[in-house]
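First up is the structure itself, then whatever we jot down about it.
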Amino acid sequence: MSHEAHHHEDGCTHACGHAHHDAEALVVHRHEDALVATLRLELPGPPEAARATLTERLALLTAAIKARGGIIGHIKGSLELSETSLFFTTGGPPEFKAGVPAAGRVTLVAILLSMEEAQVREAITECMLPTA
């Protein structure tokens with residue numbers, strides 16, 4: 001993507017310089033009387049920062065769901081922490097340096113009741129996908 005302003009289908013225009021989120025990252029569908037939301041996102045930084053950010057965002061999300069009259073069946077997921085190992089060689093066997101934390105990959109599934117799809121999308125977008 002170029003470094004100029006661009007337009008999203010949701011009607012908002014963003015200048016490059018903040019986090020962008022793949023429209024496929026959030027999927028919401030109805031299953032019987034519940035709404036099922038799945039989300040994939042990346043949290044940059046070392047493992048402690050990724051865990052802290054996820055904890056903070058989940059607290060915001062649960063509060064937003066409750067504020068909209070929703071009932072949480074469950075919110076489950078995984079936080080996959082990755083690191084990048086640095087290496088170098090001057091012709092001999094490579095030498096490796098300790099891993100550098102790269103990012104945390106979050107996969108989340110939420111089963112929610114007593115909410116409309118638009119409310120679920122709004123709550124998850126506001127709390128889990130901040131743009132700043």
All heavy atoms of Leu43 vs all of Ala50, minimum pair found to be CD1-O, 3.5 Å
Tightest non-hydrogen contact, residues Ser114 and Ile71, listed as OG-CD1, 3.7 Å
Which atoms form the tightest heavy-atom contact between Pro94 and Thr89, and what is the distance?
-> CA-CB, 4.0 Å
Enumerate the residue pairs fulfilling salt bridge (charged side-chain N to carboxylate O under 4.0 Å, His left out) with a member in residues 41-54, sequence neighbours excluded, ordered by first and then second residue.
-> Glu42-Arg105
Would you give the length of the straight line joining atom CG of Leu60 to atom OG1 of Thr55, rounded to the nearest 0.5 angstrom?
-> 11.0 Å
Return the set of residues passing ring-ring contact (aromatic ring centres under 6.0 Å, His included) with Phe87 (not counting sequence neighbours), or none when no residue passes.
-> Phe96
Tell me, please, which residues at least two apart from Glu117 pass salt bridge (charged side-chain N to carboxylate O under 4.0 Å, His left out).
-> Arg121
Salt bridge (charged side-chain N to carboxylate O under 4.0 Å, His left out): pairs with one or both residues in residues 60-82, sequence neighbours excluded | Arg68-Glu122, Arg68-Glu126
Would you mind reporting whether Leu58 and Leu108 have side-chain heavy atoms less than 4.5 Å apart?
-> yes
Is the NE2 atom of His74 crowded by more than 12 outside heavy atoms at less than 6.0 Å?
-> yes
Minimum heavy-atom distance between Gly104 and Leu81, given as atom pair plus value | CA-CD2, 4.0 Å
First locate atom CD of Gln119, then atom CD1 of Ile65, and finally report the distance between them rounded to the nearest 0.5 Å.
-> 10.5 Å
Heavy-atom side-chain contact between Leu112 and Val36 under 4.5 Å = no
For Ala34, side-chain contact (heavy atoms from CB on, under 4.5 Å) partners two or more places apart = Ile111, Leu113
Salt bridge (charged side-chain N to carboxylate O under 4.0 Å, His left out) with Glu56: which residues, sequence neighbours excluded?
-> none
Hey, mind stepping through Leu129 and Leu39 against side chain to side chain contact (heavy atoms under 4.5 Å, CB included) and telling me if it holds?
-> CA-CA 10 Å; Leu129 302 173; Leu39 174 68; 4.0 Å; yes
Are any non-hydrogen side-chain atoms of Val106 and Arg57 less than 4.5 angstrom apart?
-> no
Residues in side-chain contact (heavy atoms from CB on, under 4.5 Å) contact with Thr62, at least two apart in sequence or another chain | Ile72, Ile75
